[in-house]
Amino acid sequence: MFEISGFDTAGVVSLKRLSLVAALKKARELVEDGGWDAQVVDPTWRVHTPLEAQAAWSWRWAGSAAASSRAR
């Protein structure tokens, strides 16, 4: 289980998701909706942040865009 924690205008946010992808997506949504200090803790106690996920997704997107342009 992946635990998401952070803050929003109502106070502390504490959620859980079954996968890292789903947890990072929810943490990113929390920040996009005005929350702060969002993080995901995985079952091995490693801490992930939405910025880490954004960097990974950006890299993947850039890689897939480059691959598709080479295919043309």
Side-chain angles (χ1 to χ4, degrees):
M1 189 67 62
F2 295 85
E3 298 183 16
I4 306 137
S5 62
F7 298 91
D8 66 8
T9 55
V12 176
V13 175
S14 181
L15 305 164
K16 294 182 181 188
R17 295 294 183 269
L18 293 175
S19 73
L20 178 58
V21 171
L24 287 170
K25 179 181 178 197
K26 184 51 81 175
R28 186 177 66 184
E29 289 171 357
L30 174 64
V31 171
E32 288 172 351
D33 290 341
W36 61 94
D37 290 341
Q39 66 179 17
V40 174
V41 179
D42 70 19
T44 65
W45 295 91
R46 181 171 177 219
V47 176
H48 305 268
T49 66
L51 291 176
E52 176 185 329
Q54 184 176 350
W57 287 324
S58 296
W59 179 82
R60 280 183 133 170
W61 182 83
S64 65
S68 65
S69 67
R70 283 192 302 258
R72 292 181 195 172

- Message: Could you tell me if the side chain of D33 sits less than 4.5 Å from the side chain of D8, heavy atoms only?
- Response: no
All heavy atoms of A38 vs all of L30, minimum pair found to be CB-CD2, 3.8 Å
Sorted by chain and residue number, the side chain to side chain contact (heavy atoms under 4.5 Å, CB included) partners of D37 (sequence neighbours excluded) come out as F7
Residues joined to M1 in its hydrophobic cluster, side chain to side chain under 4.5 Å directly or through other members, sorted by chain and number, are L18
Across all chains, not counting sequence neighbours, the side-chain hydrogen bond (donor to acceptor under 3.5 Å, both in side chains) partners of E29 are K26
Rounding to 0.5 Å, atoms NE2 (H48) and CG (L24) come to a distance of 6.5 Å
Just do the side-chain contact (heavy atoms from CB on, under 4.5 Å) check on I4 and V13 with the steps written out, would you? CA-CA 8 Å; I4 306 137; V13 175; 5.7 Å; no
Residues F2 and P43: closest non-hydrogen pair is CE2-CD, 3.5 Å
* Same cluster for L20 and L15 if Ile/Leu/Val/Met/Phe/Trp/Tyr side chains link at under 4.5 Å? -> yes
Across all chains, not counting sequence neighbours, the side-chain hydrogen bond (donor to acceptor under 3.5 Å, both in side chains) partners of S14 are none
Hits for side chain to side chain contact (heavy atoms under 4.5 Å, CB included) against T44, two or more places apart or cross-chain, chain-then-number order -> D42, R46
